[in-house]
Structure formats: C-alpha cells, structure tokens
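Report on the following structure.
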Amino acid sequence: MERKDFETWLDNISVTFLSLTDLQKNETLDHLISLSGAVQLRHLSNNLETLLKRDFLKLLPLELSFYLLKWLDPQTLLTCCLVSKQWNKVISACTEVWQTACKNLGWQIDDSLQDALHWKKVYLKAILRMKQLEDHEAFETSSLIGHSARVYALYYKDGLLCTGSDDLSAKLWDVSTGQCVYGIQTHTCAAVKFDEQKLVTGSFDNTVACWEWSSGSRTQHFRGHTGAVFSVDYNDELDILVSGSADFTVKVWALSAGTCLNTLTGHTEWVTKVVLQKCKVKSLLHSPGDYILLSADKYEIKIWPIGREINCKCLKTLSVSEDRSICLQPRLHFDGKYIVCSSALGLYQWDFASYDILRVIKTPEIANLALLGFGDIFALLFDNRYLYIMDLRTESLISRWPLPEYRKSKRGSSFLAGEASWLNGLDGHNDTGLVFATSMPDHSIHLVLWKEHG
C-alpha cells in the first residue's frame with residue numbers, strides 16, 4: 001500500500017475506532033494482537049512500558065515527591081535508592097525523611113543542619129549501631145589492674161576513673177589507655193569524688209578527707225560522723241561538701257575550712273547516697289537555679305534546701321511504699337528536673353516540680369533491675385548477670401551484655417555508669433568510651449566500653 005493511501009486508510013480507521021464503545025475497542029485490539037507477529041508484539045511491548053510506567057519522582061515537583069517519600073519506611077527508601085541515579089538523588093535530598101528516621105532510632109538531631117546527604121549517612125551509621133546493640137556486639141571489655149585489696153569506691157568523669165581501695169590507696173586511671181595517672185595513699189575509701197586538682201573521700205573510719213592529686217597530701221580532714229561515710233558530694237562554687245553516713249545523718253561542711261555547718265537528721269537507715277544539684281524547674285518550694293540536696297536511704301529519698309541555717313527543714317520525703325515493705329536500690333538519678341530510683345517494683349520517676357510520680361516502669365520478664373543511668377531516650381540497667389539498655393519511649397529492653405561475677409555492694413558504690421550523654425540520644429560521636437565499670441573479687445576493675453563503629 002502506498003504511503004498516501006495508508007495514511008488515508010489510517011485516518012478512516014482511527015475515526016471509526018474512536019466511535020466504538022470501550023468493549024468494542026478492546027475486542028478490536030484483541031483481534032489485531034492475534035494477527036500480529038513477533039516484530040509487532042515486541043514493538044507493542046516496548047511502547048506499552050513507556051505509556052503505562054510513569055517515573056513519578058522525575059515528573060512530580062520536588063515538594064510533592066518529598067511528601068510522598070515521607071510515607072515510606074527507611075528500609076524501603078534505601079531500596080528505592082537503587083532504582084536509578086535520579087531516584088537516589090531525590091531520595092537522598094529529602095532532609096526531613098532522614099532526620100525523622102534518625103529520631104525514631106533514638107538519635108539526637110540538630111535541626112539547624114539541613115544537609116540531607118549528611119542525614120542519610122547519619123541514618124546508615126545509626127542503623128549499624130542499633131543492629132550491633134540488638135546483636136549484642138556494640139561493646140567490648142577491658143580491665144584495670146593495680147590494687148592489692150578490695151575496691152569499694154568508684155567515680156567517673158571526663159574519661160578518668162577514680163578507684164578507692166582497702167589497700168589504703170586511691171588511683172586515677174585514664175580509661176582510654178588503661179594507664180594509672182595518679183596513685184596516692186589515703187584511708188580506706190567507701191566513697192570518692194574528684195576533679196583536676198583534688199580528691200574527696202568518705203571512709204569507713206567515719207571521716208571525710210580532701211587530698212591533692214599532685215602532691216598526695218591531705219589538705220582537709222572532716223570529723224564528726226559516728227558511722228562510716230558512704231557517700232560524698234561537693235560544689236566549689238558554694239564552697240560546700242555534703243556527706244551521708246551509717247549514723248543516719250547527712251552533714252553539710254565548709255569545703256575550704258573543714259568545719260561542719262549543719263547536721264541533717266530524719267533518716268532511720270544508713271544514708272547511702274547524697275547528691276548536690278542545681279534545680280531546673282519552678283515549684284512552690286524552689287526556683288530554677290536553687291541548689292538542692294538529695295539524700296537516700298533504704299526506704300526514703302529526702303529533699304533539702306542548701307543553706308547555712310542550723311534548723312534546715314526537709315522539703316519533701318519520697319518513698320514507694322508507706323509501710324516500708326519495698327526497698328529502694330542504692331542508686332539515684334537527679335538532673336534538676338526528675339528524680340529516678342529503682343526498686344523491686346520497677347523504676348520510679350518523680351517530677352521535681354510537683355513531686356508527683358510520673359511513671360513506674362516495670363520489667364516483668366526480668367525482676368530486680370538496678371538503675372545505672374537515665375536519660376531522655378535510653379536507660380542503662382543491670383542485674384547479677386547482664387547489663388541492659390532500655391528504650392524509654394517503648395519501655396522495652398533493646399540490648400544486653402553479659403557481666404562477670406562482679407563484687408556485689410549493698411551501697412551501690414562498687415559499680416557505676418560511664419559516659420551518660422548518649423542516654424539522651426545517640427549522635428554518632430557520643431557512643432565512645434566507658435559504659436560501665438565494676439570492681440572484681442581479684443581486686444581488678446572490669447570495664448565495659450563502646451566498640452568503635454564498623
């Protein structure tokens with residue numbers, strides 16, 4: 001058929017075809033397909049793919065593409081990145097998608113950083129770390145060896161770990177290298193706290209002492225307790241030191257002068273923990289910026305104002321059972337906004353503004369979990385066998401790590417958490433260094449450390 005005749009015939013057929021019903025059109029196409037050979041069918045297949053399969057990410061405005069992508073889970077998005085370079089470019093540029101994915105994993109987000117490719121890389125790093133946690137492969141262990149008798153007291157700060165022992169010494173260790181930075185002769189230590197210049201120790205000899213790291217000399221001796229001193233805390237700005245003792249009292253001392261400013265009574269058990277902390281919330285009893293003292297025994301947590309008045313009154317007493325049938329674990333978290341303590345019933349969280357119990361977190365599958373650290377996203381817990389990480393958003397345990405037969409302490413002084421910033425959300429940089437430390441029966445210190453990213 002000549003070209004001109006073919007075009008005339010095609011125009012007539014097209015007019016007739018358009019006048020048919022949908023059913024008639026379908027029957028016509030079926031008939032034409034049945035008459036077609038391999039060349040025609042291949043041509044039909046190639047053109048149908050172009051007509052029917054539209055690349056919506058390429059065709060849609062970028063804002064609409066981002067809106068649709070937000071409905072997909074991150075794993076599906078990663079698969080979609082493999083479709084084409086164009087898809088990978090569009091998906092990788094969706095900042096909100098990757099930031100949300102990171103948040104859902106418990107990652108801290110800096111909203112000011114809008115580099116989408118950065119957040120996709122952060123997500124890939126985050127998913128790897130979370131996989132390591134789930135597979136119990138995120139940590140590694142190490143030991144510090146140097147003491148010749150039982151280690152009763154531990155305190156960690158900025159990569160340095162202080163240990164106080166029955167061998168009448170205290171040592172300061174660089175956790176990253178395992179090297180002893182300082183070693184000084186002291187009394188028997190039941191509690192320790194330090195800074196760059198000094199070490200403060202509470203002792204089984206009923207006294208508190210202050211020591212200079214560089215010379216090893218004792219610069220202050222605080223006498224007055226009639227029982228072992230189980231906990232100490234101090235604040236250089238206030239020039240105040242506080243101590244909790246087996247004599248059921250809390251003493252407030254002038255740090256530089258060594259004189260006793262106040263003796264706080266009301267506890268009926270050993271005071272195993274004292275904490276000095278600046279308040280961050282307003283209530284009828286305190287304002288933001290006020291310094292607060294918390295003291296804890298086996299059954300109660302007492303809240304005190306910090307001042308030099310002799311007749312200091314307890315602001316509030318917290319407990320989990322009025323009949324004292326439930327004991328508190330000897331660990332206490334206070335960040336100025338919330339108080340958290342563990343018991344046989346679970347983790348109790350109090351709002352510091354109202355003193356109301358905000359929630360009780362129970363873990364029925366594992367009894368008697370003790371608190372090590374508590375943040376906005378994660379909590380670090382442990383029992384006799386394992387170290388646990390809890391996602392506080394779901395109150396579920398997401399990871400565990402086996403522990404050796406460590407030395408048990410009813411006062412909670414022979415084990416501690418290390419770096420704590422990751423408890424408020426991982427960020428790819430704060431999951432380094434010490435996670436947990438405890439003293440061992442052979443007088444060594446067992447360390448659990450973050451393993452470097454793969």
Side-chain angles (χ1 to χ4, degrees), residues 150-157 161-166 170 186-195 198-211 220-235 238 240-253 255 260-277 291-304 306 312 314 317-318 327-335 339-342 370-374 407-417 437-439:
R150 291 177 297 181
V151 177
Y152 274 113
L154 303 173
Y155 185 82
Y156 177 81
K157 179 184 178 183
L161 178 68
C162 181
T163 56
S165 170
D166 247 359
T186 62
H187 47 189
T188 299
C189 298
V192 293
K193 184 176 181 179
F194 71 91
D195 56 40
K198 65 181 175 294
L199 166 68
V200 174
T201 58
S203 175
F204 291 106
D205 67 9
N206 306 347
T207 70
V208 179
C210 186
W211 314 80
Q220 203 58 260
H221 206 189
F222 306 83
R223 300 174 182 271
H225 281 296
T226 58
V229 179
F230 292 142
S231 182
V232 293
D233 201 356
Y234 65 86
N235 184 283
L238 298 175
I240 278 179
L241 181 147
V242 293
S243 55
S245 170
D247 63 11
F248 304 168
T249 69
V250 176
K251 287 187 179 292
V252 181
W253 312 81
L255 180 59
C260 183
L261 303 174
N262 214 337
T263 299
L264 309 179
T265 61
H267 285 284
T268 57
E269 296 285 343
W270 291 358
V271 181
T272 56
K273 190 67 177 177
V274 290
V275 178
L276 267 177
Q277 175 68 45
Y291 277 93
I292 299 293
L293 167 62
L294 262 62
S295 59
D297 63 30
K298 189 176 180 180
Y299 299 108
E300 296 177 338
I301 301 168
K302 290 187 178 293
I303 302 168
W304 311 83
I306 279 296
C312 181
C314 176
T317 299
L318 307 177
C327 295
L328 297 175
Q329 300 279 2
R331 305 292 301 178
L332 187 63
H333 169 84
F334 178 48
D335 61 4
I339 300 171
V340 185
C341 193
S342 58
L371 175 69
L372 283 167
F374 193 92
R407 183 178 293 283
K408 311 299 189 296
S409 168
K410 292 182 179 179
R411 298 174 290 104
S413 62
S414 61
F415 42 79
L416 51 68
T438 185
S439 59

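In this model, a donor atom of one side chain and an acceptor atom of the other lie less than 3.5 Å apart for Lys302 and Thr317. With no hydrogens or angles considered, no side-chain donor-acceptor pair links Asn206 and His225 at under 3.5 Å. Judged purely by distance below 3.5 Å, without hydrogens or angles, the side chains of Thr201 and Trp211 pair a donor atom with an acceptor atom. Judged purely by distance below 3.5 Å, without hydrogens or angles, the side chains of Trp304 and Ser295 pair a donor atom with an acceptor atom.
Scored by the side-chain hydrogen bond (donor to acceptor under 3.5 Å, both in side chains) test, Ser231 finds no partners at all (sequence neighbours excluded).
Heavy-atom minimum distance, Ala170 versus Leu199: CB-CD2, 3.5 Å. Counting all heavy atoms, side chain and backbone alike, Ala153 lies closest to Cys189 at CB-O, 4.2 Å. Closest approach of Val271 and Phe230 over heavy atoms only: O-CB, 3.7 Å. For Phe194 against Cys162, the heavy-atom pair with the smallest separation is CD2-CB, 3.5 Å. Closest approach of Ala228 to Ser245, counting heavy atoms only: O-OG, 3.0 Å. Closest non-hydrogen pair, Val232 versus Ala191, comes out as N-CB, 4.1 Å.
Annotation: side chain of Val275 is in contact with side chain of Leu332 (closest heavy-atom distance under 4.5 Å). Under the 4.5 Å side-chain criterion, counting only non-hydrogen atoms from C-beta, Gln277 is not in contact with Asp233. The closest side-chain heavy-atom distance from Val151 to Ser165 is below 4.5 Å.
Atom CZ of residue Arg150 and atom CG of residue Asp166 lie 4.5 Å apart, to the nearest 0.5 angstrom. Atom CD1 of Ile301 and atom SG of Cys314 lie 11.0 Å apart (nearest 0.5 Å). For the atom pair CG of Leu161 and OH of Tyr155, the computed distance is 11.5 Å after rounding to the nearest 0.5 Å. Taking CD from Glu269 and CZ from Phe248, the interatomic distance works out to 6.0 Å, rounded to the nearest 0.5 Å. Note that CD1 of Ile240 is 9.5 Å distant from CG of Leu255, once rounded to the nearest 0.5 Å. Of the inter-residue distances, the one linking Leu328 atom CG with Leu371 atom CG reads 11.5 Å to the nearest 0.5 angstrom.
The cationic group of Lys251 does not satisfy the cation-pi geometry with Phe222, failing either the under 6.0 Å distance to the six-membered ring centre or the 45° limit from the ring axis.
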(message) Could you go through Ile303 and Ile292, starting from their C-alpha distance and side-chain angles, then the distance that decides it, and tell me whether this counts as side chain to side chain contact (heavy atoms under 4.5 Å, CB included)?
(response) CA-CA 7 Å; Ile303 302 168; Ile292 299 293; 3.7 Å; yes
(request) Quick one: do Ser243 and Trp253 satisfy side chain to side chain contact (heavy atoms under 4.5 Å, CB included)? Show the steps, please. (result) CA-CA 8 Å; Ser243 55; Trp253 312 81; 2.9 Å; yes
(request) Would you check, one step at a time, whether the test side chain to side chain contact (heavy atoms under 4.5 Å, CB included) holds for Val242 with Leu276? (result) CA-CA 8 Å; Val242 293; Leu276 267 177; 4.0 Å; yes
(message) For Arg331 and Phe415: C-alpha separation, side-chain torsions, deciding distance, then whether side chain to side chain contact (heavy atoms under 4.5 Å, CB included) applies.
(response) CA-CA 10 Å; Arg331 305 292 301 178; Phe415 42 79; 3.9 Å; yes
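Taking the six-membered ring where the residue is Trp, Phe374 and His333 present tilted rings, their angle falling between 30° and 60°.
Distance alone, capped at 3.5 Å, places no donor-acceptor pair between the Ser439 side chain and the Tyr152 backbone. Judged purely by atom type and a 3.5 angstrom limit, Ser342 has no side-chain atom pairing as donor or acceptor with the backbone of Ala370.
Each of Leu241, Leu294, Val250 was evaluated against Val274; a single residue qualifies, Val250, per the side chain to side chain contact (heavy atoms under 4.5 Å, CB included) test.
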